[in-house]
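The shown structure was predicted, so the numbers you read here are calculated from the model rather than taken from an experiment. Numbering of ligands and ligand atoms starts at 1, following listing order. Every heavy atom of this structure was used, including side-chain atoms; hydrogens, water molecules and symmetry mates were not.
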Amino acid sequence: MSKKYKNSAQESWSGRFNEPVDELVKRYTASVGFDYQLAEYDIKGSIAHAEMLATQQIISDEELLAIKQGLAQIKSEIQNGDFNWSLDYEDVHLNIEYRLTELIGDAGKKLHTARSRNDQVATDIRLYVRDQIDITVGLIHQFQTNLLNLAELHTSTVMPGLTHLQVAQPISFAHHLMAYFEMTKRDVERLQDINKRVNQLPLGSGALAGTTFNIDRLHVAKALGFNGVCENSLDAVSDRDFAIEFCMAAALLMTHLSRFSEELILWMSPQFNYIEIADRFCTGSSMMPQKKNPDVPELVRGKTGRINGHVVALLTLMKGQPLAYNKDNQEDKEPLFDTAQTVRDTLLVFADMLNGISVNKDAMYAATAKGFATATDLADHLVRKGLPFREAHEVVAKAVNLASQKNCDISALSIKELQLICPLIDNKMIGLLSLEKALESRNHIGGTGSKSVKIAISTAREWIES
Ligand code: ARG
C-alpha cells in the first residue's frame, strides 16, 4: 500500500482541548507512518463490529449498509494507492474513520459506538499476527521440502560429524541436514501453539472496562474467525504477550537458521571445501578478484541479532506498564512488523538457496577419513569381546596415539602393533572399521544409518503434508 500525506482538520478527540497539538508532538505521537500496514485488518474488524451493532439494534440496517459500502471504497482506495494518509489523524484507525465520515456522513461517526481504539488496535494486531503465523508456517514447509530434496540425494554421503568442531564420528550429510528439519519442525509446532493464545478477540473491552451497550462479543469473534474472546477487558487492551511470543518463536527460528548459515559459511570456505553455493546467492569483492562471499548466510546470521533485539525491545516495552492501555504500546508495531518481514524474507531466500547447493563428496569423505572417526566403533567391538567400555576406551586411545605419531589411520596400523596394545583386537575387527560400515551400523531410530535416515525423510514428508 502506498502512502500520501495531507495536512488538515481537527483531531477526533480534540473536544476538551484549547489549542492544537504542537507540530513536533504530532509527528512524535503519530503511528500512521507504520501502522497503515494494519489497514486491511482494521477494516475487517470494523465490518464485524458494525454488523454486530446492527444485529443488536445499536445502529440501523441503513447505517450498516452505508458503513460497509464506505469501508469497501476505502479498502480499494488503499489498495490502489489513492488513500490520503494524514498525520493529522494520527494512526490507521482515525485515518480510516475520518475518511469514512467524509464519504458517508453521520453513519461513519456511529461506527465507533461501543468501541475504543484500545480494543480496536489489539484486535488488529491479533489478526495480523494470526496471518503472519500462517504465512511463516507455509514458508517453513517450503524450506523443509527443499531441505528434504537435498537430504534425499545424500543418505550415503559420508561427512565428519563434529563435536567441539573436532572430528567425532562419521555421519551422512543427509543426517546432518535432517537435524535442521527437526529444529524447524519444532518451530512450526511452537508457532501453532502460540496461535491458540493469539486467536482470542479483544473487541468489546472498550477503552479498558467494557461498554454500557448490549454488545454480542461472541458474534464478532465468530465473524472474525477467533476461537474465543479475551476474558478480561483490562488484560485484553493492555497485554502484548501474544506478539512477544511470536517474536520469541521467530528468534528461535532465526537462531536455527543462523546455526545452519554458520555451517554453510564454513563448508563453503576453501579450508573445508565441502559445498558450493550457486553464484546467484553470493557476491564478489571489489578489491580481491578471487573472492566469492557467502553473503546470504552471513546476512541470515546477522539478521538473527536484529530479531533478538526486537524481542528485548518488546519485553522492555511491557515490563513497566501499569494496567491498562498506555501509549507505550504503540511502540509494539515496528519491532513486530520488522520481525515478521525479516523472517519471511529469510525463509524465502534460504529455501531457494538450498536448491543452489552442490556437494563435494570427496572432500567430505577425505575429511572424515583423517580424523580417527571410527575410534568409538573399535571400542564398541572390544566391548562385544567382553572388555568393559572404560577399558576399551583407553585401549583405542592408545591406538589413536600410535596412529597419529605414525601419521596414519588406525586401520593402517599392523595387526601386530594393535595386538601389542590389546590382544583382543583381531583382523576382522579392523576390517569392520570403514566409514561406510560405521554409518550402516547405526540404523536405529534417530541414527545416521541410511535406512534410518530414509525413513526419517519419508516421515518428514508425511508430516509436512498432514
Ligand atoms: N495508535 C495507537 C496504538 O498503536 C492506537 C490506540 C490509541 N489509544 C489511545 N488511547 N490513544 O496503540
One pair per line, please: each N/O atom of ligand 1 matched with every protein N/O atom under 3.5 Å away, atom names first, then the distance to 0.1 Å.
unit_1, atom_1, unit_2, atom_2, d
ligand 1, 1 (N), Ser31, OG, 3.3
ligand 1, 1 (N), Asp91, OD2, 2.9
ligand 1, 1 (N), Gln330, OE1, 2.8
ligand 1, 4 (O), Lys333, NZ, 2.6
ligand 1, 8 (N), Asn118, OD1, 2.8
ligand 1, 10 (N), Asn118, OD1, 3.1
ligand 1, 12 (O), Tyr325, OH, 2.5

Can you list, pair by pair, the side-chain donor-acceptor contacts under 3.5 Å of residues 312-322, counting residues two or more places apart and other chains?
unit_1, atom_1, unit_2, atom_2, d
Thr316, OG1, Val312, O, 2.6
Gln321, OE1, Asn326, ND2, 3.0
Gln321, NE2, Leu317, O, 3.0
Gln321, NE2, Asn329, OD1, 2.8

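- Ring pair Tyr89/Tyr98 is parallel by interplanar angle, where below 30° counts as parallel and above 60° as perpendicular.
- Contact annotation: the side chain of Asn95 approaches that of Ser86 to within less than 4.5 Å [non-hydrogen atoms, C-beta and beyond].
- Legend: residues meeting ring pair (Phe, Tyr, Trp, His ring centres under 6.0 Å) with Phe181, ordered by chain and number and at least two apart, are Trp463.
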For a quick test of your reading: what N or O donor-acceptor pairs under 3.5 Å do the side chains of residues 345-361 make, sequence neighbours left out?
unit_1, atom_1, unit_2, atom_2, d
Asp345, OD2, Gln341, NE2, 3.1
Thr346, OG1, Thr342, O, 2.6
Asn360, OD1, Asp362, N, 3.4
Asn360, OD1, Ala363, N, 3.3
Asn360, ND2, Asn273, O, 3.1

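- Between Phe337 and Tyr128, a ring centre-to-centre spacing shorter than 6.0 Å is recorded.
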